[in-house]
Number of protein chains: 2
Amino acid sequence: MTSLVKPKHPNIALAVCGYSKVLDIISNKWTALIIYAMEDGSIRYGEMARRIEGISKKMLTQTLRKLERDGLVQRHITPSVPPIVEYSLTPLGESLLQPMRELRQWGRENYVRVEAARVNFDLTYSDD
Amino acid sequence: MTSLVKPKHPNIALAVCGYSKVLDIISNKWTALIIYAMEDGSIRYGEMARRIEGISKKMLTQTLRKLERDGLVQRHITPSVPPIVEYSLTPLGESLLQPMRELRQWGRENYVRVEAARVNFDLTYSDD
DNA sequence: CAGAATCCTCTTGGATACTG
DNA sequence: CAGTATCCAAGAGGATTCTG
């Protein structure tokens with residue numbers, strides 16, 4: 001046992017923080033949208049590319065591979081010509097949906113306040 | 001009027017996605033840890049720097065400024081010599097704590113599975 | 001259709017030195 | 001103490017071209 005008294009302010013290490021571990025998974029630009037696209041079930045590669053506005057094939061493939069490697073996404077290939085490749089969330093991936101939905105909800109409810117704060121901040125620190 | 005029938009798969013735009021808006025706020029490397037450091041109340045600049053292992057002053061200041069601009073963090077200065085500068089979460093910032101805690105909790109519970117999936121993936125796609 | 005490969009740019013973040 | 005300023009390296013991500 002290291003200590004009986006709980007320190008007021010324990011140190012925070014990047015490597016052991018649960019936040020950071022999750023951010024390591026979902027913090028890049030397209031990950032959230034890709035997971036979002038699979039929310040209702042499996043979906044083909046091409047349809048994802050069409051639904052997610054502005055994404056390039058490179059980023060779509062790259063992000064899907066990363067999610068597959070992390071065990072959040074499953075890839076199913078029907079070897080026809082042309083091939084059919086479908087992606088869906090694994091149970092682990094689906095377990096991320098709930099916390100992500102709450103974050104998304106927070107964004108929907110509060111982003112206007114963030115934008116207002118930015119305008120206010122910029123006004124305060126520019127012209128005076 | 002564009003359409004009366006709701007499409008099965010509506011498009012997903014980066015600009016209007018609640019996820020992405022939140023990620024715009026919390027997705028950089030240190031933000032989560034900095035918010036985490038203020039979870040229990042206000043804290044001085046220097047103490048944050050010491051508690052968050054590995055952070056540079058530059059990134060600490062830069063990230064705090066961004067959070068302040070976004071209205072999530074308050075800065076309170078006591079103009080003594082040397083100055084005392086304390087940071088704390090605004091109500092808006094505190095409202096982010098709950099969804100972030102859930103994400104952190106997910107990370108604590110599931111990150112081992114992600115790591116296992118990575119090992120498995122790398123084994124599968126390297127040596128055969 | 002579902003990608004792989006290449007090139008290139010822009011941003012993020014680390015190291016270091018200086019200041020009221 | 002609490003920053004600012006500058007330089008630099010690494011990585012994320014976009015555009016384009018090619019392929020089974």
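To find a chain, count down the sequence lines: A is the first, B the second, and so on, and within it residues start at 1. Keep in mind that the numbers below use all heavy atoms, side chains included, and drop hydrogens, waters and symmetry copies.
By the salt bridge (Lys or Arg N to Asp or Glu O under 4.0 Å) test, B:R44 is found to be paired with no residue, residues two or more places apart in sequence or in another chain being considered. Residues meeting the side chain to side chain contact (heavy atoms under 4.5 Å, CB included) test with B:E109, sequence neighbours left out: B:Q105.
The stretch residues 87-124 of chain B participates, sequence neighbours left out, in these ring-ring contact (aromatic ring centres under 6.0 Å, His included) pairs: B:F121-B:Y125. Annotation: side-chain hydrogen bond (donor to acceptor under 3.5 Å, both in side chains) contacts involving residues 12-22 of chain B, sequence neighbours excluded, are absent.
Each of B:L14 and B:I84 has a nearest nucleotide on DNA chain D; the 5'-most of these lies closest to B:I84.
Using a cutoff of 4.0 Å between basic side-chain nitrogens and carboxylate oxygens, A:D24 and B:R118 are scored as salt-bridged.
A straight line from CD1 of B:I34 to P of D:dA2 spans 14 Å, rounded to a whole angstrom. Rounded to a whole Å, the NZ atom of A:K29 is 14 Å from the P atom of C:dC10. Per the geometry, CD1 belonging to A:I52 stands 13 Å off P belonging to C:dA2, to the nearest Å. For the pair B:I26 CD1 and C:dT12 P, the interatomic distance rounds to 15 Å; values are reported in whole Å. In this structure, the CG atom of B:D24 is 14 Å from the P atom of C:dT11, given to the nearest Å. Taking atom CE on A:M48 and atom P on C:dC1, their separation rounds to 16 Å, with Å as the unit. The separation between A:R50 atom CZ and C:dA2 atom C1' is 12 Å, rounded to whole Å. In this entry the distance linking CG of A:N28 with C1' of D:dA10 reads 16 Å, nearest Å.
Under 4.0 angstrom from either OP1 or OP2 of C:dG3 there lies at least one side-chain N or O belonging to A:Y87.
Using modelled atom types, no side-chain atom of A:T31 and backbone atom of A:S27 make a donor-acceptor pair closer than 3.5 Å.
For B:Y45, whose side chain is taken as the heavy atoms from C-beta onward, the closest listed nucleotide among D:dG3, C:dC1, C:dG3 is D:dG3. When the nucleotides D:dG14, C:dA2, D:dA2 are ranked by their closest atom to the side chain of B:R44, D:dA2 comes out on top.
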Review point. Could you go step by step and tell me if A:E94 and A:M38 meet the side-chain contact (heavy atoms from CB on, under 4.5 Å) rule?
Key: CA-CA 9 Å; A:E94 296 208 11; A:M38 291 178 290; over 6 Å; no
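At least one side-chain heavy atom of B:L103 sits less than 4.5 Å from a side-chain heavy atom of A:L96.
Near DNA chain D, meaning a heavy atom under 4.0 Å from it, residues 54-69 of chain A has A:K58, A:M59 in order of number.
From one end of the helix from C:dC1-D:dG20 to C:dG20-D:dC1 to the other, with five pairs defining each end axis, the axis direction shifts by 50° (rounded to 10°).
Atoms CD1 and OG1, from B:I26 and B:T63 in turn, are 13.0 Å apart once rounded to the nearest 0.5 Å.
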